[in-house]
Colleague: 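Take this structure, written in structure tokens, and hold onto it; I'll ask about it next.
Here is how names work: the chains are called A, B, and so on, in the same order as the sequence lines, proteins then strands, and each is numbered from 1.
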Amino acid sequence: MSKNNPQAIRGTQDIFGADAEAFACVVETFERVRKLYRFRRVEMPVFEKTEVFSRAIGETTDVVSKEMYSFEDRGGESLTLRPEFTAGIARAYLTNGWQQHAPLKVATHGPLLRYERPQKGRYRQFHQIDAEIIGAAEPQTDVELLAMADQIIRELGITGVTLHLNTLGDADSREAWRAALVEHFRAVKDELSKESQERLEKNPLRILDSKDPRDRKFVGTAPKIDFFLSDEAKAFFKAVTSGLDAAGVEWVRAESLVRGLDYYRHTAFEFIPDEGSEAAGKLGSQSTILGGGRYDGLMESLGGTPTPAVGWAAGIERLAMLVGDKAEEPVEIAVIPISEVGNLRAIEVAQDLRNSRFSAEIFARGNMKKRLARADQAGAMAAIIIGEDEIASGQLQFKHLGTGEQSTLTLDEASERAWELRLDRDVEKFDSHMDTLEDAVNSLGDED
RNA sequence: GCGAUCGUAGCUCAGUUGGUUAGAGCGCCGGUUUGUGGUACCGGAGGUCGGGGGUUCGAGACCCCUCGAUCGCCCCA
């Protein structure tokens with residue numbers, strides 16, 4: 001922190017310890033669940049030609065107009081560090097002829113970069129998990145995609161978060177609605193907030209979720225999208241909502257949810273913490289945890305043939321803030337050489353244990369007291385102690401750190417004891433898990 | 001990009017209206033019969049008080065600039 005130590009770039013983070021465990025937990029859960037829904041893994045470049053993003057996302061959006069990390073490479077070409085996944089995946093779909101795999105379900109995760117003012121839950125380099133279904137126009141596609149999002153959030157143990165759902169209709173519906181909104185707000189332009197007066201030109205849909213009371217006054221009476229929806233668009237939305245009900249995904253209608261990027265059509269959604277919930281408190285002023293929608297127009301704006309698609313992305317950091325502390329796994333077996341003479345034997349024993357799939361660590365710093373204390377602190381089930389006597393006899397001291405009981409064993413016997421201890425521990429874990437489940441069920445009964 | 005608050009040992013913080021060698025807890029290292037743990041006790045290392053400049057006889061405390069974090073706006077994951 002002091003002196004001449006180099007500082008990290010603003011808005012970047014060095015994630016470590018419990019935070020890193022929570023981060024990994026999110027990624028692991030995502031990887032596990034995405035396989036249940038049979039999304040295929042893809043790896044994408046972290047940068048693209050600038051036009052990939054500017055054409056896909058829209059020149060006038062904040063992301064493109066002021067948040068991109070763009071630079072010229074040595075060949076004079078304008079490149080941009082990815083601010084999102086969707087545009088790059090769409091580009092890959094076109095350049096690699098992935099039409100042959102349509103409907104294509106893909107998933108990925110990794111870092112994104114946006115030049116923004118950092119805050120809690122908001123960074124210049126942040127990380128997302130991302131899922132897309134390309135080449136499928138059916139509303140069931142949206143349902144499956146959302147069901148997966150819902151399951152990931154549930155399996156992470158996150159509560160107090162609800163799916164907010166809206167439809168923007170097809171291109172014509174959206175245009176007609178937009179025109180009506182502009183007309184509605186232009187009539188009262190002078191009474192709107194300064195921001196919304198600007199939005200009127202750039203992004204009128206955004207006025208709908210303004211928090212300014214001056215704007216809110218006119219939002220209630222603003223024209224509703226439902227009035228402009230074509231019959232097809234209505235039927236599409238109805239199919240999505242009834243599909244979500246069938247899948248058991250809870251949702252609420254959010255008529256003013258519009259999403260910032262130009263490419264959205266039909267379904268638009270965000271998972272948002274309920275007001276006043278614990279989750280909302282943990283996120284600071286950030287609200288959206290996961291967001292996305294249908295982007296049927298995107299492929300065309302990149303020069304491809306019209307291709308329907310839906311997708312979402314979720315902030316790993318934001319999800320990690322909600323999963324609670326994840327402790328690092330304790331070590332199973334501590335290997336303790338008593339003095340330098342035990343060092344080599346300790347290495348042999350530790351390797352043998354690791355080859356048998358036990359986590360093992362050698363504790364060889366400080367005196368005997370410190371070594372055992374450290375082993376204990378690391379959560380070891382048992383310590384294997386190796387001194388001169390043991391090297392002479394070819395046996396080991398095996399100390400159970402729970403009971404303190406210690407015995408002289410061969411390596412094979414020690415390994416066998418380790419298996420028993422692991423089994424005991426797992427059974428115990430299972431029991432306590434069952435107890436908490438039972439308590440939860442009982443308290444549910446009390447409430448009703 | 002705009003507005004506000006904050007920045008003291010690895011971590012969490014205390015430092016009276018500016019006054020002498022900047023403190024605590026935890027952590028770390030060593031020790032309390034040199035082959036044995038989670039407790040207790042003793043000792044030690046570690047800070048030019050985010051950085052730079054200024055006011056003053058004197059600044060961690062006051063002023064300016066800068067960097068960073070946090071909060072609100074904008075926007076978003």
Colleague: Determine which nucleotide pairs with B:C26, using a 3.5 Å limit on both distances of a Watson-Crick or G-U wobble pair.
Modeller: B:G10
Colleague: On a whole-Å scale, what distance lies between the C1' atoms belonging to B:C28 and B:C64?
Modeller: 39 Å
Colleague: Does a salt bridge link A:Arg425 with A:Glu332, judged by any charged N lying under 4.0 Å from a carboxylate O?
Modeller: yes
Colleague: Output the single nucleotide from B:G3, B:C76, B:C29 whose closest atom is nearest the side chain of A:Arg117.
Modeller: B:G3
Colleague: Does A:Asp274 have any side chain to side chain donor-acceptor pair (under 3.5 Å) partners at least two apart in sequence or in another chain, and if so, which?
Modeller: A:Thr162
Colleague: Roughly, in whole Å, what's the span from CG in A:Leu372 to P in B:G35?
Modeller: 12 Å
Colleague: When all nucleic acid strands are considered with a 4.0 Å heavy-atom cut-off, which category describes A:Glu270: base, sugar-phosphate, or nothing?
Modeller: nothing
Colleague: In whole angstroms, how far is the P atom of B:A77 from the NE2 atom of A:His109?
Modeller: 19 Å
Colleague: For the side chain of A:Asn367, counting heavy atoms from C-beta on, which of B:G1, B:G31, B:C74 is nearest?
Modeller: B:G31
Colleague: Quick check on RNA chain B: between A:Ala314 and A:Met368, whose nearest nucleotide comes earlier from the 5' end?
Modeller: A:Met368
Colleague: If I pick the P atom on B:G43 and the same atom on B:G25, what distance separates them, to the nearest angstrom?
Modeller: 11 Å
Colleague: At 4.0 Å (heavy atoms only), tell me whether A:Gly379 reaches a base, stays on the sugar-phosphate, or touches nothing.
Modeller: nothing
Colleague: Taking atom C1' in both B:C63 and B:C71, what distance in whole Å separates the two?
Modeller: 25 Å
Colleague: Using the C1' atom in both, what is the distance from B:C76 to B:G72, to the nearest Å?
Modeller: 16 Å
Colleague: Could you tell me the separation between the CZ atom of A:Arg122 and the P atom of B:A69, rounded to a whole number of Å?
Modeller: 13 Å
Colleague: What parts of residues 391-405 of chain A reach RNA chain B, counting only heavy atoms under 4.0 Å away?
Modeller: A:Gln397, A:Lys399, A:Leu401, A:Gly404
Colleague: Do A:Glu348 and A:Arg345 meet the salt-bridge criterion of a basic N to acidic O distance under 4.0 Å?
Modeller: yes
Colleague: Base, sugar-phosphate or nothing for A:Ala375? Non-hydrogen atoms, less than 4.0 Å.
Modeller: nothing
Colleague: With heavy-atom distances below 4.5 Å as the criterion, would you say the side chains of A:Glu132 and A:Asp130 are in contact?
Modeller: yes
Colleague: Ignoring hydrogens, what is the shortest heavy-atom contact between A:Arg82 and A:Pro111? Give both atom names and the distance.
Modeller: NH1-O, 2.6 Å
Colleague: Would you indicate which nucleotide in B:A69, B:C74, B:C75 comes nearest to any side-chain atom of A:Pro118?
Modeller: B:A69
Colleague: Using the closest heavy atom to pick a nucleotide of RNA chain B for each, name whichever of A:Arg365 or A:Thr12 lands nearer the 5' end.
Modeller: A:Arg365
Colleague: Would you indicate whether the side-chain heavy atoms of A:Glu413 and A:Phe398 approach each other to under 4.5 Å?
Modeller: no
Colleague: Tell which nucleotide pairs with B:C2, taking only Watson-Crick or G-U wobble pairs whose two distances are both under 3.5 angstrom.
Modeller: B:G72
Colleague: Please name the nucleotide paired to B:U55 by Watson-Crick or G-U wobble geometry with both distances under 3.5 Å, or report none.
Modeller: none
Colleague: Under a 3.5 Å cut-off for both distances, is B:U16 Watson-Crick or wobble paired, and to whom?
Modeller: none
Colleague: Which whole-number value in Å describes the distance from A:Glu116 CD to B:G1 P?
Modeller: 12 Å
Colleague: To the nearest Å, how far apart are A:Lys369 NZ and B:C42 P?
Modeller: 15 Å
Colleague: Remember a base hit wins even if backbone is also touched, and classify A:Leu290 as base, sugar-phosphate or nothing at under 4.0 Å, heavy atoms.
Modeller: sugar-phosphate
Colleague: Have a look at A:Gly121 and say if it touches a base, only the backbone sugar-phosphate, or nothing, with a 4.0 Å heavy-atom cut-off.
Modeller: base
Colleague: When you get a sec, tell me which of B:C75, B:A77, B:G30 is the closest nucleotide to the side chain of A:Lys370?
Modeller: B:G30
Colleague: In whole angstrom, give me the gap between the C1' atoms of B:U32 and B:U39.
Modeller: 14 Å
Colleague: Check the angle between the aromatic planes of A:Trp312 and A:Phe30 and answer parallel, tilted or perpendicular using the 30° and 60° thresholds.
Modeller: perpendicular
Colleague: Would you check, one step at a time, whether the test side chain to side chain contact (heavy atoms under 4.5 Å, CB included) holds for A:Leu81 with A:Tyr115?
Modeller: CA-CA 10 Å; A:Leu81 305 178; A:Tyr115 193 88; over 6 Å; no
Colleague: What about A:Glu390: does its side chain form a donor-acceptor pair under 3.5 Å with the base of B:G35?
Modeller: yes
Colleague: Looking at every strand, decide which applies to A:Glu388 at a 4.0 Å heavy-atom threshold: base, sugar-phosphate, or nothing.
Modeller: base
Colleague: Using whole Å, report how far CZ of A:Phe126 lies from C1' of B:A77.
Modeller: 6 Å
Colleague: In whole Å, measure the gap between the P atoms of B:A9 and B:G47 for me.
Modeller: 11 Å
Colleague: Under 3.5 Å, which donor-acceptor pairs link side chains of residues 380-395 of chain A to any protein atom two or more places apart or in another chain?
Modeller:
| residue | atom | partner | partner atom | Å |
| --- | --- | --- | --- | --- |
| A:Glu390 | OE1 | A:Gly387 | N | 2.8 |
| A:Glu390 | OE2 | A:Gln397 | NE2 | 3.2 |
| A:Ser393 | OG | A:Asp389 | O | 3.3 |
| A:Ser393 | OG | A:Glu390 | O | 3.3 |
| A:Ser393 | OG | A:Gln395 | N | 3.2 |

Colleague: If I pick the P atom on B:U8 and the same atom on B:U21, what distance separates them, to the nearest angstrom?
Modeller: 22 Å
Colleague: Which part of the nucleic acid, if any, lies within contact of A:Ser287, taking any heavy atom under 4.0 Å across all strands shown: a base, the sugar-phosphate backbone alone, or nothing?
Modeller: base
Colleague: Taking NZ from A:Lys282 and P from B:C71, how many angstroms apart are they, rounded to a whole number?
Modeller: 15 Å
Colleague: Do you know which two heavy atoms are closest between A:Asn166 and A:Glu255, and how far apart they sit?
Modeller: ND2-O, 3.1 Å
Colleague: Please report the distance separating the P of B:G23 from the corresponding atom of B:C49, rounded so that it comes out in whole Å.
Modeller: 14 Å
Colleague: So what does A:Arg10 hit on the nucleic acid, given a heavy-atom distance under 4.0 Å: a base, only sugar-phosphate, or nothing?
Modeller: sugar-phosphate
Colleague: Hunt down the Watson-Crick or G-U wobble partner of B:A40, both distances under 3.5 Å, from any strand shown, or write none.
Modeller: B:U32
Colleague: Just how far, in rounded Å, is P of B:C74 from CG of A:Leu192?
Modeller: 14 Å
Colleague: Starting the side chain at C-beta, find the nucleotide from B:C73, B:G35, B:U70 nearest to A:Ile338.
Modeller: B:G35
Colleague: How is A:Lys120 classified with respect to the nucleic acid when contacts are heavy atoms under 4.0 Å: base, sugar-phosphate, or nothing?
Modeller: sugar-phosphate
Colleague: Mind checking whether A:His127 and A:Phe23 have ring centres under 6.0 Å apart?
Modeller: yes
Colleague: Classify the nucleic acid contact of A:Arg371 as base, sugar-phosphate or nothing, counting any heavy atom under 4.0 Å across all strands shown.
Modeller: nothing
